[in-house]
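Down below is the structure, laid out as structure tokens.
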Amino acid sequence: MAVYNFRSIEPKWQKIWLEQKANVTPADSDRPKFFALEMFPYPSGQVHVGHLRNYSMGDVVARFKRSKGYDVLHPMGWDAFGLPAENAAIQRGVHPKTWTFSNIKTMREDLQSIGFFYDWDREVATCHPGYYKHQQQLFLDFYKAGLVYQKESMVNWDPVEETVLANEQVIDGRGWRSGALVEKKALRQWFLNITAFAEDLLEDLSLLDQWPQKVVLMQENWIGRSEGARIQFKRTDDADATIEVFTTRPDTLYGASFLAVAPNHPLALRQSHTLPQLAEFIREAGQTSTSQETLDTQEKKGCFTGLYVEHPLIKGETLPVYAANFALMDYGTGALYGCPGHDQRDFEFAQKYNLPILTVVYPSADQPYDAVKEGKPWLEDGVIVNSDFLSGLPVVEAKKKIIQWLVDNQLGYKETTYRLRDWGVSRQRYWGCPIPMVYCDDCGVVPVESAALPVILPEDVEFKGGNPLERHPMWKNTPCPKCGKPAKRETDTLDTFFDSSWYFLRFCNPFEDDKPFDLQAVQKWMPVDKYIGGIEHAILHLLYSRFFCKALRKTGHDKVPNEPFKALLTQGMVCHETYKNAKGEWVFPDEVDKTDTGTYILKADKSPVTVGRIEKMSKSKKNVIDVNQIIKTYGADAARFFLLSDTPPEKDMIWTDDGIEGAWRYLNRIWRLIEQFFETKTFNPSQASASEAFISTHKALLAINNVLEKDQFNVAIAQVRILSNVLFETNFAEISKHEAEFAIQSLLIMLGFFCPHLCEELWEFCQFEGYLWQQSWPHVDMTLIEQQSVRLAIQVNGKLRAQLDVPSDAPASQIETQALSLPEVQKYLSGGSPKKVIVVPNRVVNIVC
RNA sequence: GCGGGCGUGGUGGAAUUGGUAGACACACCAGACUUAGGAUCUGGCGACUCGCGUCAUGGGGGUUCAAGUCCCUCCGCCCGCACCA
């Protein structure tokens, strides 16, 4: 047998798997199903280490579940619309379609050269009309159900490129490519009514008990439910007019000393016509950036609007109305009432503008409080004071009572608001899914007929800034679906989050041409049993997908589950040391050599290299490694093994040369081990009792099963190594053929989840039956594990003093007697008898004296 | 500021969920084989005593027969959100 040559083994098995359709999803059976899914990638053209780590995890899960007797669905596809394709078109003159499909081809080959067990028959690309025609139908379904509407909304407008920029393309207020000052521009855009599902989305988070708690919490905060009241304040200048505010603290209404409206509140804008200083304030407020720093440090400022309102509870008292920079137009009603005694911002504002600071809540009845004296407002729970009929009530009770009063007097009502906003899905871009809507002068906004779908993205377009669809007369002009008169198409395309909000449903049956998804297949495969991807999608992608499922159920797709992802695993990033040359420029790890003394030099000219912090891999810091290079040097199996071996999946891991080399050395040892086994020609036909190798195999099977169920891939690998360490010591000639084969086969099955090519090759080499991928999880003989004698820890007063080997079924009384007779124990008893003896079966004996 | 998480050898990390802390590795050290080795194999590897022992899971306190694990408190680090009324 030759040495371990991954360069020939890996392509060999990849070819066999593809030819034999080893990874094709099984047809209907009565076996349980398992849908393993990794977040599909954007086809940038390169598989990076992050993908490799992510997809290696999914592959282990899929292969493991398959061996456990599940029908596994494990598909892969491409999140293929998006901005980078258009940038490539502008920079290099390649058509986005050409660029994208060529990238897909490269990446598909790359993924296949890593040996992932995907059902490639089910591959989807969101930029394919066969995919997006269904998406357009879903959009129309949503439209008919009233879940889609249009409204004016602000965008970042680059006046040089004549294009809309995403928030992340605006750097210090300027366009990332043009450097032009970005303007705010109002455009009429399409929105999905996700807020209608705010309560459902919040409530159903409690069903997601297999999601990281952290992600659930982030979504909870994002939805941001807050309970309070709407209150009408009557204006003094116009008996019929009111200002409506939202508050979570209606109980402190007696402490109100002013009203604040957002600078862009209609009332503020109207008043500014006659108040120049107000106009100036509004202008200034509109200019300040919304970056973290300014928000953090910005002083609370305001400007009197010239208006007053009546205090709803105190006859004859009025409150001034300010425009204030901390009031937000798009939260609540865009107006609030200020209670400086019990709100931090209101307190600062009142101090600045000399407004009254009243205390209406005491920490408790016998513990008075004065915000002015203390220098800070009282924000906690307490007892209401100085508030007429509310006085003496705890905060919670006071809230209920005041809301009832407001309702009785027709001045307000209970209200729940959410931070969550509706989802704007319009993008002023070419490379996206066309929105199937038509604008007709006579009929208004008219949806495209279902029969006319898909609205195909035209290919003959020019890229010279702006949206090419706007300049395409043929495509843009179309007869109105309703009246037939000349009309114009919607030239905006859909947000790519729309594409990725239902691809998992499509995977259930991507062969169905007539419908977006086959409800029977959806019923069979959904929900996704394990979804693996980056934490960066903790909010938007996951929230939108959850929303889609709920919305689809409202539009007739009642077999779609309420929640798409049963279990979520968010994997950590891959990090690497950073290097700089003598000039202080970043250099690639590839360009660096380590010397014998442990210092680093440049390969090119031997000049010294300084080693910087370990950081997440990024192109800008050049601390990236080339996946193809790694696979050429060490093989895909070694890379996959290393990526999962040391660090728990959800944590950031550090890529090191030592690590990948260690993995590679281990695989070579396994190769030699199997060789040694295979060369054993005679076994022991009369073996008396179970061998250590055999027992260790059963223990490993049990342990690995348990840890893989918990996604502890690193611990599973440690257990594989424990088993192989035993087998390295085993002389196979001394044990029976059956036990030796069982041990080797089990080892290959378990290690095969991580290193499938190597193990498949070794399986074949040993002339075992069938293929490795067809093997089911070996039967674990629990009696073999349990029959073992166990080593108990013998403690005296909680301190370890001795060890004792006993049969695992020994009665406690016998263990106690044996333990007490140990000389190490006698020493501490000094002749007396113990106060108490605790025997924990198979673990520990603690003697208290 | 609010919310959440974490803190274990030189390093990555285990610990059956309250039961022998440091599994499994990496690095390092010593030895063997070798023309050579950055290959392979063997052994060592928390600290102090280098003897039986004692101390060790960020610091301090508590609950318990028993605490890395539970509670309180302080310190440090990381992540998310944020003028949200």
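Chain letters run A, B, ... following the sequence lines, proteins first and then strands; every chain starts at 1.
In this structure, A:I535 atom CD1 and B:rG4 atom C1' are separated by 12 Å, rounded to whole Å. Rounded to whole angstrom, the span from the CD atom of A:Q213 across to the C1' atom of B:rG4 amounts to 7 Å. Put simply, CZ on A:R843 is 13 Å from P on B:rA15, counting in whole angstrom units. Atoms NZ (A:K651) and P (B:rC79) sit 13 Å apart, rounded to a whole Å. Note: CZ (A:F349) to P (B:rA85) measures 18 Å, nearest angstrom. Rounded to whole Å, atom P of B:rA82 lies 15 Å from atom NZ of A:K300. When the P atom of B:rA82 is taken as reference, atom CG of A:D330 falls 12 Å away, rounded to whole Å. The distance from atom NZ of A:K710 to atom P of B:rU16 is 7 Å, rounded to the nearest whole Å.
Nearest-nucleotide assignment on RNA chain B puts the 5′-proximal partner with A:D652, out of A:F246 and A:D652. Residues A:M218 and A:G662 each lie close to RNA chain B; by heavy-atom proximity, the contact nearer the 5' end of the strand is made by A:G662.
Using P as the reference atom, B:rG76 and B:rA25 are 38 Å apart when rounded to the nearest Å. Across B:rU17 and B:rG12, the matching P atoms stand 26 Å from one another, rounded to whole Å. Rounded to a whole angstrom, the distance from the C1' atom of B:rA85 to that of B:rA14 is 49 Å. Spacing between B:rC70 and B:rG44 at atom P, rounded to whole Å, works out to 34 Å. B:rC24 sits 25 Å from B:rA67 when the P atoms are compared, rounded to a whole Å. For the P atoms, the distance linking B:rU11 with B:rG58 amounts to 13 Å, nearest Å. On the C1' atoms, B:rU40 is 36 Å away from B:rU57, given to the nearest whole Å. Here, B:rU69 and B:rG19 have their P atoms 11 Å apart, quoted to the whole Å.
As judged by a 4.0 angstrom heavy-atom cut-off over every strand, A:R791 is placed among the base-contacting residues. Heavy atoms of A:A327 sit under 4.0 angstrom from at least one base atom. Residue contacts shown for A:I838 include a base, since a base heavy atom lies under 4.0 Å away. Across all strands shown, A:K799 has heavy atoms under 4.0 Å from sugar-phosphate atoms exclusively, and none from any base. As judged by a 4.0 angstrom heavy-atom cut-off over every strand, A:G302 is placed among residues making no nucleic acid contact. When heavy atoms are screened at a 4.0 angstrom cut-off, A:N668 is found touching no nucleic acid atom at all. Across all strands shown, A:V840 has heavy atoms under 4.0 Å from base atoms, whether or not it also approaches the sugar-phosphate. Counting any heavy atom pair closer than 4.0 Å across all strands shown, A:A703 reaches no nucleic acid atom. If you check every strand for non-hydrogen atoms under 4.0 Å, A:Q712 touches sugar and phosphate atoms only.
Note: A:Y353 and A:F258 fail the aromatic proximity criterion, with ring centroids not under 6.0 Å apart. Remark: aromatic rings of A:W655 and A:F642 are close, center separation under 6.0 Å. Taking the six-membered ring for Trp and the full ring otherwise, A:Y600 and A:Y579 have centroids separated by under 6.0 Å. Taking the six-membered ring where the residue is Trp, the centroids of A:F713 and A:F753 are separated by 6.0 Å or more.
If you check residues 719-732 of chain A against RNA chain B, the residues with a heavy atom closer than 4.0 Å are A:R721, A:I722, A:N725, A:E729, listed by number.
Remark: A:D330 engages A:R421 in a salt bridge, criterion side-chain N to carboxylate O under 4.0 Å. Checked for salt-bridge contact, A:E824 and A:R801 miss the test: no charged N lies under 4.0 Å from a carboxylate O. Salt-bridge formation is detected for the pair A:R225/A:E199: a Lys NZ or Arg NE/NH1/NH2 atom is positioned less than 4.0 Å from an Asp or Glu carboxylate oxygen.
Using a 4.0 Å cut-off, no side-chain N or O of A:R801 falls inside it from OP1 or OP2 of B:rU20.
Of all heavy-atom pairs between A:I601 and A:V609, the closest is C-CG2, 3.6 Å.
Taking only side-chain atoms of A:Q795, from C-beta outward, the nucleotide of B:rC24, B:rU40, B:rG19 with the closest atom is B:rG19. Nearest nucleotide to the A:K836 side chain, out of B:rC55, B:rC65, B:rC84: B:rC65.
A side-chain donor from one of A:S226 and A:Y331 sits under 3.5 Å from a side-chain acceptor of the other.
With hydrogens and angles left out, the side chain of A:N846 and the base of B:rC65 share a donor-acceptor pair within 3.5 Å.
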